[in-house]
Amino acid sequence: MSLIYVLNGPNLNLLGKRQPHIYGHETLADVEADCRKLATELGHDIRFHQSNREYEIIDWIHEAREDGAGIVINPAAFTHTSLAILDALNTFEGPVIEIHISNVHKRESFRHHSFVSHRADGVICGLGTEGYQLGLRRVATLIKSAENK
Ligand code: DQA
C-alpha cells in the first residue's frame, strides 16, 4: 500500500457553492469521499488537503517527499502564477498528475499557461470533478509500473 497526496489550491474549499456553472455542484467533501473510496479499491491510502495559502501546499509537497508515492494536484489559481509550487514539485520523485475541473483552454488566456505542467506527468482538464478519479487511477498505474521496473 502506498500513500498518495491529493492537494487542492485556493478557493476550492468553496467547491459546490462557487460558480457552479463552471465547477459543478459537488463539494470538496464529496470529492474527498470519492477519492478515499477509490484509493481503498486501488489498495492505496490518501492524504487529502486544501489550502488558500501557497506555503502550505509547498509544505505538503515536501511532506510527500518523505512518505508519498504520488501526487494528484489541482493548484487552482496557483497553477498560473506559482514558480514556487513548480520548484517544490521538481523536488518530488514520484508521479504527479495535474487536475483542473474546468477546461482552462476554453477560458481566459491567462489560464492557458501552467507552471505546474512543466513537471506534471499528465494533465486532466475539463472533465469536472471526475478528473480526480482519473488522476488517482493514473497515479496508481504509474506507481505500479515503477515498482515493476
Ligand atoms: C481550476 C482552474 C483555474 O484556472 C482556477 O483558478 C481555479 C480552478 C479548475 O479546477 O478548473 O481555481 O484549477
Side-chain angles (χ1 to χ4, degrees), residues 2-42 44-65 67-143:
S2 301
L3 181 59
I4 300 171
Y5 280 68
V6 183
L7 303 178
N8 294 279
N11 302 304
L12 289 169
N13 52 314
L14 296 179
L15 202 61
K17 297 179 206 138
R18 165 201 191 202
Q19 298 173 284
H21 56 292
I22 297 176
Y23 299 112
H25 292 279
E26 261 207 316
T27 65
L28 198 63
D30 296 331
V31 173
E32 178 173 357
D34 290 347
C35 285
R36 287 197 182 283
K37 191 164 168 265
L38 178 62
T40 306
E41 281 168 33
L42 296 170
H44 295 304
D45 208 357
I46 59 168
R47 295 249 162 87
F48 192 100
H49 296 298
Q50 185 276 331
S51 182
N52 297 324
R53 299 169 189 83
E54 192 175 14
Y55 77 87
E56 274 190 316
I57 294 170
I58 294 166
D59 286 350
W60 288 322
I61 295 167
H62 293 176
E63 222 178 275
R65 276 169 52 78
D67 59 5
I71 297 176
V72 174
I73 183 167
N74 182 349
F78 291 149
T79 308
H80 319 297
T81 62
S82 183
L83 180 55
I85 289 178
L86 170 62
D87 281 350
L89 288 169
N90 278 331
T91 75
F92 179 75
E93 288 182 1
V96 174
I97 300 292
E98 177 184 347
I99 305 287
H100 300 288
I101 298 165
S102 65
N103 180 358
V104 286
H105 300 291
K106 203 177 168 187
R107 300 178 65 192
E108 304 94 327
S109 58
F110 55 78
R111 294 183 204 276
H112 298 176
H113 176 260
S114 164
F115 281 98
V116 171
S117 292
H118 288 268
R119 165 63 180 88
D121 298 295
V123 182
I124 295 171
C125 81
L127 301 188
T129 50
E130 204 183 324
Y132 285 85
Q133 306 288 297
L134 299 166
L136 209 49
R137 281 189 190 279
R138 182 64 185 158
V139 163
T141 303
L142 293 172
I143 290 170

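One-based numbering along the sequence shown. It should be emphasised that the depicted structure is a prediction, and the values quoted were computed from it without experimental measurement. Every number for a ligand or one of its atoms is a count from 1 in the order of the listing.
The aromatic rings of His118 and Phe115 sit tilted relative to each other, their planes meeting at an angle between 30° and 60°. The aromatic rings of His100 and His80 sit parallel to each other, their planes meeting at less than 30°, with 60° as the upper class boundary.
At under 3.5 Å, a nitrogen or oxygen of Ile101, whether backbone or side chain, sits near a nitrogen or oxygen of ligand 1. Looking at ligand 1, you'll find an N or O of Ala77 within less than 3.5 Å of one of its N or O atoms. Considering backbone and side-chain N/O atoms, Ser102 comes within less than 3.5 Å of an N/O atom of ligand 1.
Residue, atom and distance of the protein heavy atom nearest to atom 7 (C) of ligand 1 are Tyr23 OH, 3.5 Å. Counting only heavy atoms of the protein, atom 12 (O) of ligand 1 lies nearest to Arg18 NH2, 3.0 Å.
Here His112 has no heavy atoms under 4.0 Å from ligand 1, in either its backbone or its side chain. Proximity of Asn11 to ligand 1, defined as any heavy-atom pair under 4.0 Å, is not found for any part of the residue. With a heavy-atom cut-off of 4.0 Å, Arg111 touches ligand 1 through its side chain alone.
Counting only N and O atoms by type, the side chains of Asn11 and Tyr23 include no donor and acceptor under 3.5 Å apart. Checked by atom type, the side-chain pair His21/Gln19 shows no donor-acceptor distance below 3.5 Å.
Shown here for Pro75 and Val116, the closest heavy-atom pair between the two residues is CG-CG2, 3.7 Å. Nearest heavy-atom pair across Leu12 and Gln50 is N-NE2, 3.9 Å. Scanning both residues, Pro10 and Asn52, for their nearest heavy atoms gives CA-OD1, 3.2 Å.
Contact atoms of ligand 1 toward Val104: 2 (C), 4 (O) (distance under 4.0 Å to a heavy atom of the residue).
Taking a 4.0 Å cut-off on heavy atoms, Glu108 fails to register as neighbouring ligand 1.
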